[in-house]
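Take this structure, written in structure tokens, and hold onto it; I'll ask about it next.
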Amino acid sequence: MKEDTKHKKIVEETIAAYEIPPQWVLASRYEEQTNTVIIITNGGKKIVHKVGAPIERKLSMVEISGFLPKEEMFWVDNLGQRVRLSELRKR
């Protein structure tokens, strides 16, 4: 039983180190043979982290939650409609 709580603590520390809110963690586990923590987020990102290794890169909110950021729309008089700024640059 003590090993289970130890593994759970390692997983929780890794999730906190990656700054992932617990509600966005789909699955997580500790792999004892390879000494790694595997985390899968709601955004579909799979993280394999070796315990004790430094974190290579932080995840974006899109990778964590799966929700795309909402783009602001601007009114264009020439077109008579609202257009995203990224679409306006294409024209």
Side-chain angles (χ1 to χ4, degrees):
M1 208 57 181
K2 291 182 181 180
E3 285 187 20
D4 290 340
T5 57
K6 179 182 173 186
H7 298 328
K8 187 175 181 180
K9 185 177 178 184
I10 291 171
V11 169
E12 288 173 355
E13 288 173 355
T14 306
I15 290 172
Y18 274 96
E19 298 175 2
I20 302 172
Q23 69 265 22
W24 298 119
V25 176
L26 188 63
S28 61
R29 69 181 176 142
Y30 175 74
E31 189 68 41
E32 194 169 354
Q33 294 174 344
T34 57
N35 196 27
T36 57
V37 174
I38 300 168
I39 303 168
I40 299 175
T41 65
N42 282 11
K45 187 70 175 175
K46 179 180 179 182
I47 305 161
V48 180
H49 180 77
K50 184 109 174 137
V51 176
I55 296 173
E56 296 173 9
R57 73 177 190 93
K58 298 285 184 183
L59 301 176
S60 67
M61 274 311 289
V62 174
E63 292 174 324
I64 293 172
S65 67
F67 295 120
L68 295 175
K70 195 173 188 180
E71 275 192 75
E72 190 174 354
M73 303 210 33
F74 298 96
W75 181 261
V76 179
D77 290 326
N78 298 348
L79 302 174
Q81 65 184 14
R82 294 182 344 157
V83 179
R84 290 187 186 104
L85 192 58
S86 60
E87 291 175 358
L88 192 58
R89 291 181 182 154
K90 292 178 186 175
R91 297 177 185 208

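When reading the values below, keep in mind they use all heavy atoms of this one structure, side chains included, and skip hydrogens, waters and symmetry mates.
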>> Are more than 12 heavy atoms, taken from residues, nucleotides or ligands other than K9, located less than 6.0 Å from that residue's NZ atom?
In response: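 Open.
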Notebook entry, point to check: Going by heavy atoms in the side chains, are V37 and V48 under 4.5 Å from each other?
Noted result: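 With C-beta onward as the side chain, the pair stays apart.
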Hey, what's the ring geometry for Y18 with H49, parallel, tilted or perpendicular (30° and 60° as the breaks)?
->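 Rings of Y18 and H49: perpendicular, over 60°.
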When K45 is tested against each of I40, I20, I64, L59 for side-chain contact (heavy atoms from CB on, under 4.5 Å), which residue passes?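 Going through the options one by one, the only one that passes is L59.
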Query raised in the report: Where do T36 and V51 land on the side chain to side chain contact (heavy atoms under 4.5 Å, CB included) test, with the steps shown first?
Result: CA-CA 6 Å; T36 57; V51 176; 5.9 Å; no
| field | Nearest-0.5 Å distance that lies between atom CZ in F74 and atom CZ in R84 | value |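 CZ of R84 is found 12.0 Å from CZ of F74.
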- Side chain proximity check, K50 to N35, heavy atoms < 4.5 angstrom: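 A side-chain contact under 4.5 Å exists here.
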Side chains of S65 and N42: closer than 4.5 Å at any heavy-atom pair?
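With C-beta onward as the side chain, the pair stays apart.
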- Message: Taking K8 first and then E13, would you say they form a salt bridge - that is, a charged N and a carboxylate O separated by under 4.0 Å?
- Response: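 Salt bridge absent between K8 and E13.
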(Q) For residues L26 and M61: do they belong to one hydrophobic cluster (side chain heavy atoms under 4.5 Å, members Ile, Leu, Val, Met, Phe, Trp, Tyr)? (A)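 Different hydrophobic clusters.
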- Other residues, nucleotides, ligands: >12 heavy atoms within 6.0 Å of Q23 CD: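 For Q23, atom CD is crowded (more than 12 foreign heavy atoms under 6.0 Å).
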| said: Could you tell me if the side chain of V62 sits less than 4.5 Å from the side chain of F67, heavy atoms only? | reply: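 In short, these two side chains do not touch, never coming nearer than 4.5 Å.
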Can you tell if the side chain of I47 reaches within under 4.5 Å of the side chain of I38, non-hydrogen atoms only?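 Not touching, per the 4.5 Å side-chain cut-off.
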Heavy-atom check, side chain of I39 versus side chain of T14, under 4.5 Å
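A side-chain contact exists here, since the closest heavy-atom pair is under 4.5 Å.
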Is there a donor-acceptor pair under 3.5 Å between the side chain of T41 and the backbone N or O of E63?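 Here the side-chain-to-backbone pair exists.
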